[in-house]
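So you know, we letter chains A, B, ... as the sequences are listed, proteins then strands, and number each from 1.
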Amino acid sequence: MRKQGKVLLAVFTMLFAFICIYVEPTVFAPNNQSQTVFTNRTLVRGSSGNDVRELQSRLKFLGYYKGNVDGAFGYGTYWAVRNFQYKFGMKVDGVVGANTRSRLVAATKGYNPYGQRQQAAQTRQTTPTRQTTQTRQTTPPRPAAVTQPANTRSASIGGRNVSGNDLKLLSNAVYGEARGEPYIGQVAIAAVIFNRQDNAQFPNTIPGIIFQPGAFTAVADGQIWLTPNEQSRKAVRDALNGWDPSGNALYYFNPVTATSKWIWSRPQIKRIGRHIFCK
Amino acid sequence: MFSRVTTIVLALTLVATGIWGYREHKEKQALLLKAENQYQRAFHDLSDHMNLLQDELGKSLAVNSRLQRASALTEVWRLAAEARNDVGELPLSLMPFNSTMNFLTDVGNFSYRVAIHEDNTKGGTKQAQALSDQEWQNLQQLYERSKRLENQLSQLQSAVIAKNLRWMDAELALTQTDKKTDNIIVDGFRAIEKGVNSQKTLNFGPTGNDLKTRNRPNEAKLMGNPIDATAAAKRAKDFLGLPDTKNIIVQQNGKGAPFASYTITIKQDHKDRNAYMTMAVKGGNITSYMDNRTVQKEAIDLYQGAEYARKYLAAHQIDARELVNIDTYDHVGVYEFVPLVNGVRIYPDKLAVKVALDNGEVVGLNLQDYVFNHKPRTIAKATVSEADARKFVSPKVQIQEVRLAQILNPLRQEELAYEFIGTMDRDTYKVYISAVDGDEIGVEKLR
């Protein structure tokens, strides 16, 4: 009885292993749909996330998309979607809704999101002991973290073009200068830096403004190199998108610690938290 | 015996400490010297650039050919930027040095306009002209002034070299502004600033003067009467649909504000959450609104968010339905809208709506451009046909989308233009071709 059970178990294990190895790659493709990281949300230019990665790699698989799979729905992806929609006789609007999504999934039958790794596994399938790696393959691997796109403002000519690294510097500066301040005070400080960029009296690059000797105390005492938090990053993005709680200020100071007499002579605008903002 | 050991140990410790202290001191000196040298370099560079700049300005006055003048003035433009850069590397942000910076910007902008911009556009359509009298006088004035500035700088430079003056001392002197300083460098720069400041402003013509005030909203464009703080609170309440004004604090902004305005703070139940609003005193229109509620999750997508933004605008009688750009971060969507008049996008009226993607609530508005620029417009007829405008776009750009748009040209005047969105390799560009005369107004690279 025990022997029979053991034999049965062995047979089942072998069977299972063979099913896994031989059936799995074939069921994998149609299975795709259920395993896709496509979510139900509609994707538009500006979207970002793993579903955008999926969209990009599927479009790349079909040859419509040529850029990097970076998870940021930019213009490159936009044109790829439009071309796809045009070729498949859909409404050409560059918006990835349910219809475009299902057509795209249907059009990419042979597409395998884990292409490289799957192939590597298939070369090893001659030994049935690889069963464990095979089964692990069927659970979708965690998609790599989405890198934040280096977002730039682009709406009309003369829009502000700020690189992703400039944004990091900015959030460092905001965090170093105003980490105990209310949120709008932090947005205001980022806005002051942008206002300086537009002004003739200051250097015209973001790093030039931040590292101008004596311009910011956080730069002088090294607090700028503290790791910024999520809030200061958000404040920078808000300021970049045009919110300016400072009221077009060029300077700000803490009235308790300010040493310069000259700063008091500037026309003041308002006070946010501990800082007085002035022109 | 014991005391001898102690003595030896103590003596050794003392020697070790001495060596350590000496090395620290040496390192500190080396670092100070490094910093000092950076300042010195920026300072001497500044003097050099000013010297070259006034040379080139002088040349531009002396030459007669357009090409020679353009090349001299282009050089001036470049040197002015270099000089500004040098100033940015000196610890002068602790003292007023605005007038000199403004002067350098004026020199750069004016020579750029004369050399590159005007000459090129004129060369395309009209005969290239000699400098107008006004332009010549301006150049002459800029030349005189930059010569004076250069003289002062080079005197200061000689003093710095002769007396081994250190910028580190100047920086120290600048941080102690309460006392009367007798630092030669600081005094020298104060004198320069005073000199530039006392000169009367030059007239750069209507376009040049407009450029200087471009970022200042024009209050004369606002409709309606000034409102007081109580009325402002009531308006804020109505706008946000609050039951009463008891959580609304209205403060008038100081005289440094770009336009007379109120800052309205709306107290929220949660400590870290606050909402604020900027409202113009004249007419009582809201120019900016921000609620920093944290958004934890995304329940609606960016596409649906746009619908919430549209509905919100419609409910507040804000007439801008054409979505031009979407940005997203931290589970919020920022939508930029422009009004559409007879199919023409009105970019000067652009506004932004921030929608929380958890429940579609609008948590931010940026209406300043809309409030100041929106008016009933009659759009001029395009005199250049689309097919003709296409010919002005580089043939290397593959055009994907075309539409008409009212935009602000580099001189900040409204102009009707064709907006071509095209691709070249993997990059996307927006090209604006004037619908009035077919000039290429601007190119923008999109991402």
side-chain contact (heavy atoms from CB on, under 4.5 Å) between A:S48 and B:T328, intermediate numbers included
CA-CA 8 Å; A:S48 60; B:T328 178; 4.3 Å; yes
Decide yes or no on side-chain contact (heavy atoms from CB on, under 4.5 Å) for A:Q201 and B:N102, but give the supporting numbers first.
CA-CA 6 Å; A:Q201 297 160 14; B:N102 272 336; 3.4 Å; yes
Please step through salt bridge (charged side-chain N to carboxylate O under 4.0 Å, His left out) for the pair B:D330 and A:R233, ending with a clear verdict.
CA-CA 9 Å; B:D330 283 330; A:R233 270 190 277 271; over 6 Å; no
A:L43/B:Y303 under side-chain contact (heavy atoms from CB on, under 4.5 Å): CA gap, chis, key distance, verdict:
CA-CA 7 Å; A:L43 301 175; B:Y303 188 70; over 6 Å; no
Could you go through B:D327 and A:R237, starting from their C-alpha distance and side-chain angles, then the distance that decides it, and tell me whether this counts as salt bridge (charged side-chain N to carboxylate O under 4.0 Å, His left out)?
CA-CA 10 Å; B:D327 188 11; A:R237 293 297 287 266; 3.1 Å; yes
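The structure places CZ of B:R84 at 4.5 Å from CG of A:N204, a figure rounded to the nearest 0.5 Å. If you take CD1 on A:I184 and CG on B:D291, they are separated by 11.0 Å, rounding to the nearest 0.5 Å. Atom CD of residue B:Q400 and atom CZ of residue A:R82 lie 7.5 Å apart, to the nearest 0.5 angstrom. The line from OG1 of B:T294 to CD of A:E230 is 12.0 Å long, rounded to the nearest 0.5 Å. Taking CD of A:Q186 as the start and CG of B:N292 as the end, the distance is 9.5 Å to the nearest 0.5 Å.
Using a distance-only test at 3.5 Å, with no hydrogens or angles considered, a donor-acceptor pair links the side chain of B:N366 to the main chain of A:G242. A donor-acceptor contact shorter than 3.5 Å is absent between the side chain of A:W79 and the backbone of B:T428. Of the possible polar contacts, none joining the A:R45 side chain to the B:I326 backbone as a donor-acceptor pair under 3.5 Å is found. Although no hydrogens or angles enter the test, the distance criterion places a donor-acceptor pair under 3.5 Å between the side chain of B:D301 and the main chain of A:T42.
At a threshold of 4.5 Å between non-hydrogen side-chain atoms, the residues B:L90 and A:P213 do not count as touching. Within the 4.5 Å cutoff, the side chain of B:S288 has no heavy atoms near those of the A:D244 side chain. No side-chain heavy atom of A:Y75 sits under 4.5 Å from any side-chain heavy atom of B:D427. Put simply, the side chain of B:K354 does not reach to within 4.5 Å of the side chain of A:N241, judged on heavy atoms.
Of the atoms belonging to B:T265, not a single heavy atom falls under 4.5 Å from chain A. Of the atoms belonging to B:Y289, it is backbone heavy atoms, and not side-chain ones, that fall under 4.5 Å from chain A. Neither the backbone nor the side chain of B:I300 comes within contact range of chain A; no heavy atom of the residue lies under 4.5 Å from a heavy atom of that chain. Contacts between A:Q268 and chain B at a heavy-atom distance below 4.5 Å involve the backbone alone (N, CA, C, O). Proximity to chain B (any heavy atom under 4.5 Å) is restricted, for A:R266, to the side chain, taken from C-beta onward. The contact between B:E298 and chain A is made entirely by side chain atoms (from C-beta outward), counting heavy-atom distances below 4.5 Å. With a 4.5 Å cut-off on non-hydrogen atoms, B:L104 does not touch chain A at all.
Your options are A:F202, A:W243, A:F211, A:Y78, and the one with the most heavy-atom pairs under 4.5 Å with chain B is A:W243. Interface remark: of the candidates B:T100, B:V87, B:N253, B:N253 forms the most heavy-atom pairs closer than 4.5 Å to chain A. Top candidate by heavy-atom pairs under 4.5 Å with chain A, chosen from B:L365, B:D369, B:T423, is B:L365. Comparing B:T287, B:V332, B:I421 by heavy-atom pairs within less than 4.5 Å of chain A, the highest count is held by B:I421. Annotation: maximal heavy-atom pairing with chain B below 4.5 Å, among A:P245, A:A235, A:G67, occurs at A:P245.
In this structure, B:L302 and A:G46 approach most closely via the heavy-atom pair CD1-C, 3.6 Å. For the pair A:G247 and B:P258, the tightest heavy-atom approach, listed with the atom from each and the gap, is O-CD, 3.0 Å. In terms of heavy-atom proximity, B:N274 sits nearest to A:P182 at ND2-CB, 4.0 Å.
More than 12 heavy atoms of other residues, nucleotides or ligands sit less than 6.0 Å from atom CG of A:D221. No more than 12 heavy atoms of other residues, nucleotides or ligands sit less than 6.0 Å from atom NZ of A:K168. Crowding of B:Q38 atom CD: a count of heavy atoms from other residues, nucleotides or ligands under 6.0 Å not exceeding 12.
Between the side chains of A:D238 and B:Y329, at least one donor N or O lies within less than 3.5 Å of an accepting N or O.
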